[in-house]
Amino acid sequence: MNLKIALLPGDGIGPEVLAQAVKCLQAVEEVFNHHFVFKEAPVGAIAIAKKGTPLPETTLSLCQEADAVLFGAIGDPKYDNDPDAKVRPEQGLLQLRKSLGLFANIRPIMSHQTLLNKSPLKKEIISGTDFVIYRELTGGIYFGEKKLNAEGTVASDLCEYSEEEISRIAHLAFKAAKNRKKKVTLVDKANVLESSRLWRKVVGKISESYPDIELEYLFVDNAAMQIILNPKQFDVILTENMFGDIISDEGSVIGGSIGLLASASVGEENALFEPIHGSYPQAKGKDIANPIASILSAAMLLEHFGLNEEAWAVKKAVDKSLKKGIVTPDLKPKSQYGTSQVGDFIAHNIVDIEDNINMNDENIDLGKSTII
Ligand code: IPM
Ligand code: MN
């Protein structure tokens with residue numbers, strides 16, 4: 001398959017982790033005879049520094065012309081600590097999501113057998129967790145009208161949803177549930193918010209056309225508690241933009257590290273793949289950031305184009321790195337493996353799908369070289 005992939009490394013650790021995902025995609029190209037053309041463009045704080053805007057016109061058009069976008073990370077402490085900043089790196093990502101019409105953000109949350117003890121949650125609670133969050137991505141409070149009075153003392157952000165915005169993602173969530181455990185949980189705050197009551201009405205109606213799927217409603221405060229109390233009860237969680245943002249970070253605790261969580265953002269015509277983690281500026285350039293979320297985002301890209309065997313090969317190589325302990329320090333505090341070594345290991349194991357690489361397990365345990 002020929003694919004044009006736009007690379008948007010962004011800020012902080014974005015470029016480092018994205019480079020590992022590219023290595024893995026190149027390994028897939030080689031093994032499965034595909035042809036991927038990568039083109040890179042700036043976004044976020046780096047784009048503000050270079051071009052004065054977080055989403056330059058040329059970056060947007062590159063993404064529009066590409067088959068898919070692979071995104072690194074966005075954000076810089078310089079802007080986080082300045083409430084008066086007029087331009088912010090995050091605006092680049094938000095504009096990109098809106099301009100590409102990426103209305104559905106899909107975030108799988110899973111426990112890994114080998115990492116059960118990495119989570120602060122009890123093993124018996126998280127073991128076997130497997131759910132996916134369908135987060136609405138281009139509406140709600142993120143994109144509603146923002147106001148600040150002249151004195152700068154009163155501010156508001158409007159949370160608005162239309163029936164159409166709710167129904168298009170709801171259909172995707174129900175369709176996903178069909179191939180899973182056949183349950184959709186709508187997370188909202190319908191006891192307080194009018195917008196949530198509209199979600200209930202629209203989603204309730206849509207559920208009638210999916211009779212084999214169970215629909216359950218949960219208030220977001222209760223959902224936040226249930227996710228860490230009994231995460232196994234969930235299959236597909238459907239929710240609006242901001243609730244989805246918050247509960248997906250919470251869900252990442254189940255996997256053992258936020259550095260493992262991938263996501264796909266899809267629309268009618270475009271698709272973007274990115275880790276759910278931020279730009280982790282403290283780790284920038286230190287070669288310690290976990291590249292797995294970025295690599296698994298590349299696997300989601302492959303799945304999006306129906307390249308399931310290829311995606312499986314990537315995931316299998318990731319599993320191997322977890323099992324063998326070829327991981328970054330977030331997963332193994334004294335680990336001597338850096339971002340790029342983990343990326344190399346995973347890419348090598350995609351090429352050597354039959355598991356023929358002569359691994360020196362003793363060296364691995366000592367944190368030395370992995371391949372002899
Ligand atoms: C995410 C991020 C973004 C969001 C930020 C960087 C704007 O936290 O993708 O979850 O809030 O959507
Ligand atoms: Mn977030």
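The shown structure was predicted, so the numbers you read here are calculated from the model rather than taken from an experiment. Note that ligands are numbered from 1 as they come in the structure, with each ligand's atoms numbered from 1 the same way.
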> Counting heavy atoms only, which of Asp245, Leu93, Ile246 comes nearest to atom 8 (O) of ligand 1?
Replying inline: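 It is Asp245 that holds the nearest heavy atom.
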> Where is the nearest protein heavy atom to atom 11 (O) of ligand 1: which residue, which atom, and how far?
Replying inline: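 Going by distance alone, atom 11 (O) of ligand 1 is nearest to Tyr142 OH, 2.5 Å.
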>> Quiz question: by atom type and distance under 3.5 Å, do the side chains of Gln95 and Lys98 form a donor-acceptor pair?
In response: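 Checked: Gln95/Lys98 side chains show no N/O donor-acceptor pair below 3.5 Å.
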> Heavy atom of Arg135 under 4.0 Å from ligand 1?
Replying inline: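 The answer is yes, since Arg135 has a heavy atom less than 4.0 Å from ligand 1.
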> Are the side chains of Leu70 and Leu8 in touch, meaning some heavy atoms are under 4.5 Å apart?
Replying inline: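 Heavy-atom side-chain distance check fails, nothing below 4.5 Å.
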> Nearest protein heavy-atom contact for atom 9 (O) of ligand 1: which residue, which atom, what distance?
Replying inline: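 Ranked first by proximity to atom 9 (O) of ligand 1 is Arg97 NH2, 2.7 Å.
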> For ligand 1, which atoms sit closer than 4.0 Å to a heavy atom of Glu90?
Replying inline: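 Listed by number with element, the hits are 6 (C), 7 (C).
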> Hey, is there an N, O or S on Asp245 sitting under 2.8 Å from the Mn ion (ligand 2)?
Replying inline: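 Of the N, O and S atoms in Asp245, at least one lies under 2.8 Å from the Mn ion (ligand 2), which means yes.
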> Going by atom types alone, do Ser248 and Arg107 pair a side-chain donor with an acceptor below 3.5 Å?
Replying inline: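 On atom types as modelled, these side chains qualify, holding a pair under 3.5 Å.
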> Would you say the side chain of Gln226 lies within less than 4.5 Å of the side chain of Leu218, judging by non-hydrogen atoms?
Replying inline: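 Touching, per the 4.5 Å side-chain cut-off.
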> Between Leu137 and ligand 1, which residue portion shows a heavy-atom distance shorter than 4.0 Å: side chain, backbone, both, or neither?
Replying inline: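 For Leu137, there is no contact with ligand 1 at all, from either part.
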> When you check the side-chain N and O atoms of Ser263 and Glu274, is any donor under 3.5 Å from an acceptor?
Replying inline: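 There is no such pair between these side chains.
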>> Students often mix this up, so state it plainly: with edges at 30° and 60°, are the rings of Tyr161 and Trp199 parallel, tilted or perpendicular?
In response: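 Taking Trp199 first and then Tyr161, their aromatic rings stand perpendicular (interplane angle over 60°).
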> Near Ile74, which atoms of ligand 1 are under 4.0 Å from a heavy atom of that residue?
Replying inline: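 Near Ile74, meaning under 4.0 Å from one of its heavy atoms, ligand 1 has 6 (C).
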>> Less than 4.5 Å apart, side chain to side chain, heavy atoms only: is that true for Lys315 and Leu296?
In response: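 They are in contact (side-chain heavy atoms under 4.5 Å apart), so the answer is yes.
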>> Using heavy-atom distances only, which candidate in Arg107, Gln91, Met242 approaches atom 1 (C) of ligand 1 most closely?
In response: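 Ranked by closest heavy atom to atom 1 (C) of ligand 1, first place is Arg107.
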